[in-house]
Amino acid sequence: MQLRVIGCHGGETPKHRTCTFLLDERLAIDAGSLTSGLDLSVQYKLEAVLVSHSHLDHVRDLATIADNRVQHGCPPLEIVGTKPTLDVLRTHFFNDLLWPNFAAIPSKKEPTIVYRTLRPEVRAEVAGFGVRAIAVSHTIDTSAFIVDKNGVAVAYSGDTGPTDRLWEVLNGRKDLRALLMEVSFPNEQQRIATLSGHHTPQTLRTDLAKYARPKELPTLLYHIKPAFQREVERQCAKLKGVNLDVLRLGDQLLL
Ligand SMILES: [Zn+2]
Ligand SMILES: [Zn+2]
């Protein structure tokens with residue numbers, strides 16, 4: 001499984017992009033930079049997008065990719081998430097007010113996007129991958145995803161603060177090769193991190209201890225706020241007993 005980092009930050013500047021990760025050029029995780037970070041040819045090839053939650057930094061480029069794909073006559077793009085997430089997209093995003101309803105364009109029979117509901121914890125086949133959504137702890141309904149193919153699995157935490165169920169499930173996965181893990185704020189911003197449902201390096205360290213072998217699990221950090229990039233990296237570098245790396249735009253990993 002090839003993983004490509006298209007966007008990995010908790011904010012946007014010309015040097016930082018909001019979250020999108022691409023698996024084998026077919027399946028995207030989150031839509032923060034689907035169009036700002038991908039050429040048209042790659043946008044056209046995409047089969048499905050897993051949406052962790054409905055916050056704008058994770059869904060924004062669904063608007064522009066739908067528009068780009070309809071021009072090219074692409075097959076429907078599957079937008080995959082839990083029911084609460086998809087309900088927000090239907091009601092507040094592709095609602096013919098904020099943006100056209102691409103689930104009925106060019107026609108209801110041949111739409112540009114189709115919604116696909118994931119039942120929490122139930123494995124589903126999406127674009128040739130196995131996908132399981134696990135609820136995590138953010139300010140709204142948010143899922144982590146465990147994606148597997150050919151006996152290899154990668155996990156994506158979604159936006160979350162301290163949480164329990166994800167670690168229970170990960171502890172049972174012998175096929176897990178890497179965890180993409182959010183950390184957003186430095187320790188000094190703990191109050192805002194707690195209020196907004198995000199990790200600081202100190203809460204990340206405590207949560208990683210819920211995993212049986214944190215030292216053996218490559219933990220790839222993302223969603224750092226651009227304003228705090230250096231400070232968060234400095235604090236994470238000091239954490240002991242873990243196996244952390246910070247993801248960068250353009251990184252490619254073979255899992
Ligand atoms: Zn969020
Ligand atoms: Zn976010």
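Order of appearance sets the numbers: ligands from 1, and atoms from 1 within every ligand. When a residue number appears, it is its place in the shown sequence, counting from 1.
- A 6.0 Å sphere centred on CD of Q2 holds more than 12 heavy atoms belonging to other residues, nucleotides or ligands.
- With sequence neighbours excluded, the residues satisfying ring pair (Phe, Tyr, Trp, His ring centres under 6.0 Å) with H16 are H9.
- Contacts classified as salt bridge (charged side-chain N to carboxylate O under 4.0 Å, His left out) and involving residues 50-68 (residues at least two apart or in different chains) are given here: E12-R60.
- Under the side chain to side chain contact (heavy atoms under 4.5 Å, CB included) criterion, T117 pairs with K83, L86, sequence neighbours left out.
- Within a 6.0 Å sphere centred on CG of D96, heavy atoms belonging to other residues, nucleotides or ligands number more than 12.
- Shown here are the protein N/O/S atoms lying under 2.8 Å from the Zn ion (ligand 2), water excluded: D57 OD2, H58 NE2, D159 OD2, H223 NE2.
- Judged by a 6.0 Å distance limit and a 45° cone about the ring axis, R69 is not positioned over the six-membered ring of Y44.
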